[in-house]
Enquirer: 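Following this message is one structure expressed as structure tokens.
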Amino acid sequence: METSILNLSDLTSESPLSLITEKLETRIDTRRLRAVCHNLRKSIREPPKTTIPDDLKIIPVPFGYFSAKISHYTLVESTIYAIQPLEEIPNPLETAATWFVKVEEQEFGPVKLKHTLCEFQLQNISEELPMSLNLLDYRVKEIAKAYELKPVCRENQETADHVGGNQMSFEPEKVIVSEDFDVMVMHNKGMTLSVLRYGDKNWLNVQDSCVDRYIKFDDVVYYDQKFYAVNRNGHTLSFDCKTLAMSPVTFPKDNLGNGKTFLVKKSGEGLFLVVKWSYSLFIYSDYQFANHHYFPARFSVYKLANFQWDELHGYGDRVFFLGHGCSFSVMGNEFPGCEKNSVYFSEKILSAAVADDAHLSPRPGIFRKDDLSVRPLSALPGRAQLFWPPPAWVKPN
């Protein structure tokens, strides 16, 4: 029986090409296929810069909030990518063989690069990066999506990262989005959860009589077609995205009253609860005013199993990343340069020795489960290159 070979350049939108493109899960996959040849670029449409529907580009200010400066909010999507060189790096612990970066793209306007863990936008990019990155020169993998609600100014109808206002202004702390584009927002310093179901015009506050309303929520996540929320005690709730029916999940066995909690999902593995335990520290200035600060002491990780948080006494090859607006987990053997059995995070104060630098922006650090140590990434140059500044193989010649 003779077999025929089909040249990729001969594929058209009417051929099996349409079946291939339907299987592509990310925009990066589509762009790489389009880059093969002119015929494919002609046959495959350029993927949109964002998956957000037009309906969610004008979101009303929730009832009860008012700002004379804000017209409405718009939903903004960012993507976290892992970029790797095609050639093997001899010692990935000295020169990171993976670079994680958060990219914000909108239909109009420039692309914004952000730190994966910290809140700030990357600066002096031209000094650290080439003018453009050819995706065929690297291995690029989409890791996670992050979302923000950005205010749109009344005066010029332009988006802004922050608009100052009175105490009644709406300031989202964490935004999550379902597959059907239902939106949940944690705000009011973690005391309130609000949901805007896709197609609705008004926000709905999630009320729960089972949770102590004086204990704020720490984190929210979309997982397994439900919204999940966890408060400072580790009490975890799940919400149906459409009916908003609430179901208590579980309490951890340990008392989490002094820990900050993070919800982390990993495809194929489940839902994890990461707890950051901190020391409390009072710092006195020259004027004898005490500033109350916290710096991380250790981390604990729990996995959801049978409606119960079971503590993991070792993370194996897992690596956890606790980022601003988005936390995620990867397997260390798939991303050289990541230290397995560890947690990457950001914090203003990483130890009592640098507590006088509390005015600085958050800085990345690492918790090693093997020896229970917490260290700033600045002390580990190879690890710091996972985020910013990038490793040498990314930088321009």
Side-chain angles (χ1 to χ4, degrees), residues 23-32 46-57 59 73-84 98-107 109 111-122 135 139-150 159 161 172-187 193 195-198 219-230 239 241 262-272 274 319-331 334-335 344-346 386-387:
K23 299 295 183 181
L24 301 178
E25 296 181 353
T26 67
R27 286 196 315 121
I28 288 294
D29 295 334
T30 303
R31 285 182 168 179
R32 291 178 70 90
E46 170 73 13
K49 292 184 177 181
T50 176
T51 61
I52 296 174
D54 291 339
D55 311 41
L56 295 179
K57 294 176 182 177
I59 295 180
Y73 286 81
T74 186
L75 185 64
V76 176
E77 178 184 75
S78 297
T79 305
I80 297 174
Y81 294 103
I83 301 175
Q84 299 172 320
T98 304
W99 178 42
F100 293 97
V101 62
K102 182 188 289 188
V103 180
E104 178 189 316
E105 287 188 87
Q106 300 187 59
E107 290 298 331
V111 172
K112 296 181 181 179
L113 301 185
K114 301 178 180 180
H115 197 288
T116 304
L117 299 183
C118 305
E119 188 174 355
F120 58 82
Q121 182 176 335
L122 301 183
L135 298 182
R139 285 190 291 269
V140 183
K141 186 173 182 180
E142 185 177 306
I143 302 299
K145 294 282 189 183
Y147 297 92
E148 296 176 81
L149 281 178
K150 289 195 174 184
T159 59
D161 291 325
E173 297 172 45
K174 179 77 177 281
V175 180
I176 55 175
V177 179
S178 74
E179 296 171 357
D180 296 329
F181 294 101
D182 304 306
V183 181
M184 172 177 273
V185 180
M186 182 178 72
H187 59 103
L193 300 177
V195 173
L196 181 67
R197 294 177 295 196
Y198 186 63
D219 202 7
V220 290
V221 72
Y222 175 71
Y223 167 72
D224 196 23
Q225 300 183 333
K226 291 183 179 180
F227 291 135
Y228 284 78
V230 62
F239 299 89
C241 299
F262 301 83
L263 290 170
V264 184
K265 62 180 178 181
K266 187 178 187 313
S267 178
E269 285 208 37
L271 187 63
F272 297 86
V274 182
V319 186
F320 293 93
F321 297 83
L322 309 180
H324 174 74
C326 180
S327 299
F328 59 94
S329 177
V330 301
M331 302 305 286
E334 299 177 8
F335 299 90
Y344 290 85
F345 63 97
S346 67
L386 287 169
F387 308 108

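Just so it is clear, the model here is predicted, and its values are computed rather than measured.
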Enquirer: Would Phe100 and Phe321 count as a close aromatic pair, with their ring centres under 6.0 Å?
Expert: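 For Phe100 and Phe321, the ring centres are under 6.0 Å apart.
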
Enquirer: Begin with the C-alpha distance, continue with both residues' side-chain angles, and end with the deciding distance and a verdict on side chain to side chain contact (heavy atoms under 4.5 Å, CB included) for Leu196 and Asp182.
Expert: CA-CA 6 Å; Leu196 181 67; Asp182 304 306; over 6 Å; no

Enquirer: Kindly give the heavy-atom pair with the smallest separation between Tyr73 and Pro172, and that separation in Å.
Expert: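 Looking at all heavy atoms of both residues, the shortest contact is CE2-CD, 4.5 Å.
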
Enquirer: Using a strict threshold of under 4.0 Å (side-chain N to carboxylate O), is an ion pair present between Lys174 and Glu148?
Expert: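 Answer for the salt bridge query: no.
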
Enquirer: Which atom pair, heavy atoms only, marks the closest approach of Cys326 to Ala144?
Expert: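 Minimum heavy-atom separation between Cys326 and Ala144: SG-CB, 3.7 Å.
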
Enquirer: Atom CZ in Phe387, atom OG in Ser346: separation rounded to 0.5 Å?
Expert: 9.5 Å

Enquirer: Would one find more than 12 heavy atoms of other residues, nucleotides or ligands at under 6.0 Å from atom NZ of Lys226?
Expert: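 Counting other residues, nucleotides and ligands, NZ of Lys226 stays at 12 neighbours or fewer.
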
Enquirer: State, to 0.1 Å, how close Ile52 and Leu75 come at their nearest heavy-atom pair, and which atoms those are.
Expert: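 Nearest heavy atoms, Ile52 then Leu75: CD1-O, 3.1 Å.
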
Enquirer: Parallel, tilted or perpendicular for Phe181 and Tyr198, by the 30°/60° rule?
Expert: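 Tilted.
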
Enquirer: What's the separation between atom CG in Asp224 and atom NZ in Lys265, rounded to the nearest 0.5 Å?
Expert: 10.0 Å

Enquirer: Carefully, step by step, assess Gln84 and Trp99 under the rule side chain to side chain contact (heavy atoms under 4.5 Å, CB included).
Expert: CA-CA 6 Å; Gln84 299 172 320; Trp99 178 42; over 6 Å; no

Enquirer: Once you round to the nearest 0.5 Å, how far does CG of Asp219 lie from CE of Met186?
Expert: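 If we round to the nearest 0.5 Å, Asp219:CG and Met186:CE are 6.0 Å apart.
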
Enquirer: Kindly state whether the ring of Tyr344 and the ring of Phe320 have centres lying under 6.0 angstrom apart.
Expert: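 No, the ring centres sit 6.0 Å or more apart.
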
Enquirer: Between Thr116 and Lys102, is any side-chain donor less than 3.5 angstrom from a side-chain acceptor?
Expert: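 Not at all, the side chains of Thr116 and Lys102 share no donor-acceptor pair under 3.5 Å.
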
Enquirer: Answer yes or no: are there more than 12 heavy-atom neighbours, outside Glu334 itself, under 6.0 Å from its atom CD?
Expert: yes

Enquirer: Under the criterion side chain to side chain contact (heavy atoms under 4.5 Å, CB included), I'd like the reasoning laid out for Leu193 against Phe239: C-alpha separation, chi angles, the key distance, then a yes or no.
Expert: CA-CA 11 Å; Leu193 300 177; Phe239 299 89; 4.1 Å; yes

Enquirer: How far apart are the closest heavy atoms of Thr98 and Leu386, and which atoms are they?
Expert: O-CD2, 3.3 Å

Enquirer: Side chains of Leu117 and Leu322: does their closest heavy-atom pair fall under 4.5 Å?
Expert: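 Leu117 vs Leu322: side chains apart.
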
Enquirer: How about Tyr81 and Val103: do any of their side-chain heavy atoms sit closer than 4.5 Å?
Expert: yes

Enquirer: Decide yes or no for Phe272 and Ser329: does some side-chain heavy atom of the first lie under 4.5 Å from some side-chain heavy atom of the second?
Expert: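 Result no, sub-4.5 Å side-chain heavy-atom pair not found.
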
Enquirer: If you round to the nearest 0.5 Å, how far is NZ of Lys114 from NE2 of His324?
Expert: 7.5 Å

Enquirer: Atom OH in Tyr147, atom OG in Ser78: separation rounded to 0.5 Å?
Expert: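 Spacing of OH (Tyr147) from OG (Ser78) equals 9.5 Å.
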
Enquirer: Does this structure show an ion pair linking Glu104 with Lys150, if we count only N-O contacts that are shorter than 4.0 Å?
Expert: yes

Enquirer: Met184 pairs by side-chain contact (heavy atoms from CB on, under 4.5 Å) with which of Val177, Val175, Val195?
Expert: Val195

Enquirer: State, to 0.1 Å, how close Ile176 and Tyr222 come at their nearest heavy-atom pair, and which atoms those are.
Expert: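 Where Ile176 meets Tyr222 most closely, the heavy atoms are CD1-N, 3.8 Å.
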
Enquirer: Thr74 and Leu149: side chain to side chain contact (heavy atoms under 4.5 Å, CB included), yes or no, with the steps?
Expert: CA-CA 6 Å; Thr74 186; Leu149 281 178; over 6 Å; no

Enquirer: Over all heavy atoms of both residues, which pair between Phe328 and Ile143 is shortest? Give the atoms and the distance, please.
Expert: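 Heavy atoms of Phe328 and Ile143 come nearest at CD1-CG2, 3.4 Å.
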
Enquirer: With rounding to the nearest 0.5 angstrom, report the OH to CG distance, Tyr228 to Leu263.
Expert: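 CG of Leu263 is found 10.0 Å from OH of Tyr228.
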
